[in-house]
Amino acid sequence: MNSSWVEINSTGLRDNIAALRAAIRSTTEIMFVVKANAYGHGLVPMAETATQAGVRWLAVAHLHEALEIRGALPDVNILVMGVVDAEDVPVLTHERITPIVVSVEHGRTLADAARRANTTLEAHLKVDTGMGRLGAPWQDAPETYHQLRREKGLEIAGLCSHFATVEPNEPQRAEEQAERFLEVARALEAQRGQPLFKHLSSSRAILYHPEWDLDAIRPGICLYGYGTNDPRMRFRTRPFLQWKASVMQVKAVPAHFPVGYYGTYTTDAPTRMAVLSVGYADGYHRALSNRGHVLIRGRRCPVIGRVSMNWVTVDLGPTSEAGAGDEAVLIGQQGDASIWAGELAKICRTIPYEILVGIDGAAERRYLNGASTNPPSQK
Ligand SMILES: Cc1ncc(COP(=O)(O)O)c(C=O)c1O
């Protein structure tokens, strides 16, 4: 009972994939984004569950993540969305991993390395259509492609970009990016004389804009169950990761009892308090001090005092029968009560992504594969 752990109901992922699949054309590939340890859910288990559910493409940020997946899944297609080096080319081709190319220089370096290794590297050209991050500027993309097409050893088989903003009430910015992307695609396909494998949309675009599904979509957060609660969206998903800690000690305390560093909280009345085996070292944000809640015995219990490095104190209320060894839910559901990463994110002024990937990677992940215990709603 000395740290927190994560419980993942893999059936939740299968249900979410099924909801997405039912909303899209059968010809659109799902390229599931599993970078950052599958948003904290565990890279290989999520990759395995997704491929069992029919997903044929996975996307990661780094080559090492791709290699970890390849070790477990010999057949799935893998895209590395970060920038790979020339020295990575032999392993990329040997392991059939697809990198992105971000510029003429980058493509040439990879092509050189592929020629030296007597092989051809298949890659997707990343175009910056307005995200202002990785990729060839969209205005230069036809020329970039023209140069890269001459490079033996490199085959640009796909084309991708990423949205900066997808806001249903202000669609112009995303529309502008999509138009640029489609214009680039037309120009490149005219040069090539055959279609490229085109993918553009991540979760928000997928949820609001069916017209941009193209050959593949790159969902991340929506398949982890977040960000799908606007009724205008095409489908709904539910979170399936729960984060839990043990109650280490319970004690009765009097009124006016100061709690934690600097005594930032003082009890109003006699109550029972519990100390939990989690702290900011485990990813339980210090911003939750005096503001967050946890679930114990189906009740929402406020975090009192400062969150410290390894421990958190909560108010159980004067009549609670909770004791040492009880389970505290930091993210998840207990009885009818639930707390999801969105609630924590609001308090911490961040996004659910950061809460999920912030959960200590070393915390044990327990996978439950039984019948779906998906919670009925998300906050
Ligand atoms: C290039 C790219 N595509 C897709 C995604 C998935 O985004 P989301 O989790 O919002 O669906 C990300 C995530 O950051 C990304 O960087």
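In listed order, ligands and their atoms are each counted from 1.
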Applying side-chain hydrogen bond (donor to acceptor under 3.5 Å, both in side chains), which residue pairs with at least one partner in residues 193-206 are found, sequence neighbours left out?
His124-His199, Glu167-Arg204, Glu189-Lys198, Lys198-Asp215, His199-Arg218

Taking Thr28 for its side chain and Leu214 for its backbone only, find out whether a donor-acceptor pair lies under 3.5 Å.
yes

Pair Trp212 and Phe163, ring centroids less than 6.0 Å apart
yes

In this structure, is the centre-to-centre distance between the rings of Phe240 and Tyr367 below 6.0 Å?
no

Run through all N or O atoms in ligand 1 and write down each protein N or O closer than 3.5 Å, as a pair with its distance.
{"residue": "ligand 1", "atom": "3 (N)", "partner": "Arg218", "partner atom": "NE", "Å": "2.9"}
{"residue": "ligand 1", "atom": "3 (N)", "partner": "Arg218", "partner atom": "NH2", "Å": "3.3"}
{"residue": "ligand 1", "atom": "9 (O)", "partner": "Tyr39", "partner atom": "OH", "Å": "2.6"}
{"residue": "ligand 1", "atom": "9 (O)", "partner": "Ile221", "partner atom": "N", "Å": "2.8"}
{"residue": "ligand 1", "atom": "10 (O)", "partner": "Tyr353", "partner atom": "OH", "Å": "2.6"}
{"residue": "ligand 1", "atom": "11 (O)", "partner": "Ser203", "partner atom": "N", "Å": "2.8"}
{"residue": "ligand 1", "atom": "11 (O)", "partner": "Ser203", "partner atom": "OG", "Å": "2.5"}
{"residue": "ligand 1", "atom": "11 (O)", "partner": "Gly220", "partner atom": "N", "Å": "2.9"}
{"residue": "ligand 1", "atom": "14 (O)", "partner": "Lys35", "partner atom": "NZ", "Å": "2.9"}
{"residue": "ligand 1", "atom": "16 (O)", "partner": "Lys35", "partner atom": "NZ", "Å": "3.4"}
{"residue": "ligand 1", "atom": "16 (O)", "partner": "Arg133", "partner atom": "NH2", "Å": "3.2"}

Counterpart residues, salt bridge (charged side-chain N to carboxylate O under 4.0 Å, His left out), relative to Glu151 (two or more places apart):
Arg108, Arg115

Contacts of Ser10 meeting side-chain hydrogen bond (donor to acceptor under 3.5 Å, both in side chains) (sequence neighbours excluded), chain-then-number -> Asn369

